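Note sheet for the following structure.
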Amino acid sequence: MKGLEIKNLTKVYETGFIIKRYIKAVNNVSFRINPGEIVSLVGESGSGKTTIAKIILRLLNPTSGNILVDGIDIWAKENQNPKFAKEFGKKVHAVFQDPFASYNPFYPIERTLWQALELLGIDKKDPRAKDLMYEALENVGLKPDVVFGKYPHQLSGGEKQRVMIARCWLLKPSLIIADEPVSMIDASSRGGVIKLFEKLKEEQKASILFITHDMGLAYYISDRVLIMHKGDIVEEGNPEEIVANPQHWYTKNLISSIPTLYRKLEDIS
Ligand SMILES: Nc1ncnc2c1ncn2[C@@H]1O[C@H](COP(=O)(O)OP(=O)(O)O)[C@@H](O)[C@H]1O
Ligand SMILES: [Mg+2]
């Protein structure tokens, strides 16, 4: 089955050498995301959102539970090899808060696009490479001369995030994990970047996990919302229903803190 399926996922962190401490960051969480669906995971800092993202991206192993991407168990023993990792890299795409944080500042920005082409088996000297990169940039509203020959510090937060999303137009991943993708972007360019996720959903039928601490943003962008509190999903539903009729006290708190401005994001664009 296409999409993402999480079954009974639990993560316990173990810290300390002599006196061990155990932190249950994720507690028996299950959900699925269908193709062409944006599901938000909403909760305050420390609720376990990034832990879930890292486990789905194979950056952190689960304590128990299963993660299926297009029906394949990504943490199964037989899938822990470089060949699977490469296929996985084409299929699943990550968009982080600070997209170039782990990136060498002396590498030009377009290197991230070359790497995507490389995954597809296209050399950067291949005549198709330039056309594909230009097309990808056009899809995220970037002019090629904003990107080519530039270094990360020369681009705004919004532009850098657009470059990351441009990779999705090269790789066409079936699953996109976006962890606080707009929290470091200034408010004026946030709306434009958010719309790019909707475009990926509509045109590529990607499954998108949109992680945010901001209920207003989740309300605006999601087909379905999962409310997370201290490792548990305490409530789930479509955003209109949840905002109109929240059941859990924690959801009620989140909703009462939505700035009214966000509800009008559509008018800003
Ligand atoms: N590497 C780690 N070692 C130990 N505890 C961690 C580690 N990473 C996160 N935690 C703890 O797990 C909990 C969930 O963190 P996190 O998944 O980052 O939440 P969120 O993304 O919702 O802010 C927090 O209590 C955090 O302190
Ligand atoms: Mg986080």
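Bear in mind that the values here come from a model prediction, so they are computed numbers and not experimental data. Numbering of ligands and ligand atoms starts at 1, following listing order.
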Under 3.5 Å, N or O to N or O, is [X] touching ligand 1 that way?
X: Ile23; value: no
X: Thr51; value: yes
X: Gly48; value: yes

Practice problem: State whether Tyr134 and Lys130 meet the cation-pi test: NZ (Lys) or CZ (Arg) under 6.0 Å from the six-membered ring centroid, and within 45° of the perpendicular axis. | Solution: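 Yes, a cation-pi geometry.
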Quiz item: Taking the minimum heavy-atom distance to atom 22 (O) of ligand 1, which of Met228, Gln97, Lys49 ranks first?
Solution: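 Considering heavy atoms of Met228, Gln97, Lys49, the nearest to atom 22 (O) of ligand 1 sits in Lys49.
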Quiz item: Applying a 4.0 Å heavy-atom criterion (strictly less than), which segment of His213 is in contact with ligand 1: side chain, backbone, both, or neither?
Solution: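 It is neither; nothing of His213 touches ligand 1.
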Quiz item: Among the heavy atoms of Glu180, does any lie under 4.0 Å from an atom of ligand 1?
Solution: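 Glu180 does not count as a contact of ligand 1 under the 4.0 Å cut-off.
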Self-check item: Non-hydrogen atom of Gly46 closer than 4.0 Å to ligand 1
Solution: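 A heavy atom of Gly46 does come that close to ligand 1.
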Quiz item: Would you call the rings of His248 and Tyr250 parallel, tilted or perpendicular if under 30° counts as parallel and over 60° as perpendicular?
Solution: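 Correct class here is perpendicular.
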Practice problem: Just say parallel, tilted or perpendicular for the rings of Trp249 and His229, cut-offs at 30° and 60°. | Solution: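 Perpendicular.
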Quiz prompt | Aromatic centroids of Trp169 and His93 separated by under 6.0 Å | solution =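 No, too far apart.
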Closer than 4.0 Å to some heavy atom of [X] - which atoms of ligand 1 meet that?
X: Ala25; value: 12 (O), 13 (C), 14 (C)
X: Glu44; value: 22 (O)
X: Ser45; value: 23 (O)
X: Ser47; value: 19 (O), 20 (P), 22 (O)

Quiz item: Is the closest protein non-hydrogen atom to atom 26 (C) of ligand 1 under 4.0 Å?
Solution: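 When distances to the protein are checked, atom 26 (C) of ligand 1 has no heavy atom within 4.0 Å.
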Quiz item: If Ile, Leu, Val, Met, Phe, Trp and Tyr residues are connected whenever their side-chain heavy atoms lie under 4.5 Å apart, and connections chain through other members, are Val140 and Trp114 in the same group?
Solution: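 The answer is yes; both residues are in one hydrophobic cluster.
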Practice problem: Check whether Val163 and Met133 end up in the same hydrophobic cluster, where Ile, Leu, Val, Met, Phe, Trp and Tyr are linked by side-chain heavy atoms less than 4.5 Å apart. | Solution: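 The answer is yes; both residues are in one hydrophobic cluster.
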Practice problem: Could you tell me whether the side chains of Ser207 and Glu37 share a donor-acceptor contact shorter than 3.5 Å? | Solution: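 Judged by distance alone, the side chains do not pair up.
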Quiz prompt | Closest protein heavy atom (residue, atom, distance) for atom 1 (N) of ligand 1 | solution =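 Protein heavy atom with the smallest distance to atom 1 (N) of ligand 1: Tyr13 CE2, 3.6 Å.
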Quiz prompt | Top protein contact for atom 18 (O) of ligand 1, by heavy-atom distance | solution =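 Closest protein heavy atom to atom 18 (O) of ligand 1: Thr50 CB, 3.8 Å.
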Quiz item: If every non-hydrogen atom of Glu110 is compared with every non-hydrogen atom of Val147, which pair is closest and at what distance?
Solution: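 What the structure gives for the nearest pair is OE1-O, 3.4 Å.
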Quiz item: If you take all heavy atoms of Thr63 and Val12, which pair is closest and at what distance?
Solution: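 Closest approach of Thr63 to Val12: OG1-N, 2.8 Å.
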Quiz prompt | Metal proximity, Thr51 vs the Mg ion (ligand 2), N/O/S cut-off 2.8 Å | solution =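 No, since none of the N, O or S atoms of Thr51 sits under 2.8 Å from the Mg ion (ligand 2).
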Exercise. Would you indicate whether the side-chain heavy atoms of Tyr151 and Ile109 approach each other to under 4.5 Å?
Key: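 Side chain of Ile109 against side chain of Tyr151, heavy atoms only: no contact under 4.5 Å found.
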